[in-house]
Amino acid sequence: MRWFVIVLCLAAAALMPAGPVLSAQGNAGAGERLAQQWCAACHVVSENQSNAATIGVPSFFDIAANPDMTEAKIVTFLADPHPKMPDMGLSNPQIRDLAAYIVSLGR
């Protein structure tokens, strides 16, 4: 019987994700404030922003309109952004908030 419990625990551990789990939904209002503080210099992040200083980067509206870009994918991207994007040192809750805000723009 003891071997069964050990095998069950090993199987459960194998099914767990290797990285941090960022599954809780974020707060879109807090994400909007973060977007205006950290992202607006390069991305258009709100309707009242006419343009961004960086040309060629997608607006948050473009990102939200992409059906392949789910909140989970945005969270994963923001946890490890591409090299052209500065590492803003966002916490996991801030990442979830920012992702929730971006997704809310497509609703």
Please round to the nearest 0.5 Å and tell me the distance separating atom CE of M69 and atom CG of D62. 11.0 Å

Could you walk me through whether L78 and M85 satisfy the side chain to side chain contact (heavy atoms under 4.5 Å, CB included) test, starting with their C-alpha distance in whole Å, then the side-chain angles of each, then the deciding distance to 0.1 Å, before giving a yes or no? CA-CA 10 Å; L78 290 173; M85 212 171 103; 3.8 Å; yes

Where do G31 and Y101 come nearest, in terms of heavy atoms and distance? C-CB, 3.7 Å

Please report the shortest heavy-atom distance between R96 and E71, naming the atom on each side. O-OE2, 4.0 Å

If hydrophobic clusters are built by linking Ile, Leu, Val, Met, Phe, Trp and Tyr wherever their side-chain heavy atoms come under 4.5 Å apart, do V57 and F77 end up in the same one? no

If you round to the nearest 0.5 Å, how far is CD1 of I95 from CE of M88? 8.5 Å

In short, C42 meets A52 closest at the heavy-atom pair O-CB, 3.3 Å

Checking side chain to side chain contact (heavy atoms under 4.5 Å, CB included) for the pair C39/L98: CA distance, chi angles, key distance, verdict? CA-CA 10 Å; C39 310; L98 196 50; 4.0 Å; yes

Would the distance check show the side chain of D97 and the main-chain N or O of N27 forming a donor-acceptor pair, the cut-off being under 3.5 Å? yes

Locate the shortest heavy-atom distance separating P58 from H43; write the atom from each residue and the value. O-ND1, 2.6 Å

Evaluate Q49 against Q36 for side chain to side chain contact (heavy atoms under 4.5 Å, CB included), listing each step before the verdict. CA-CA 10 Å; Q49 181 182 353; Q36 291 172 351; over 6 Å; no

Between CD1 on residue I102 and CG on residue N66, distance to nearest 0.5 Å: 12.0 Å

Name all residues meeting the ring pair (Phe, Tyr, Trp, His ring centres under 6.0 Å) criterion together with F61; count only those two or more places apart in sequence or in a different chain, and write none if there are none. none

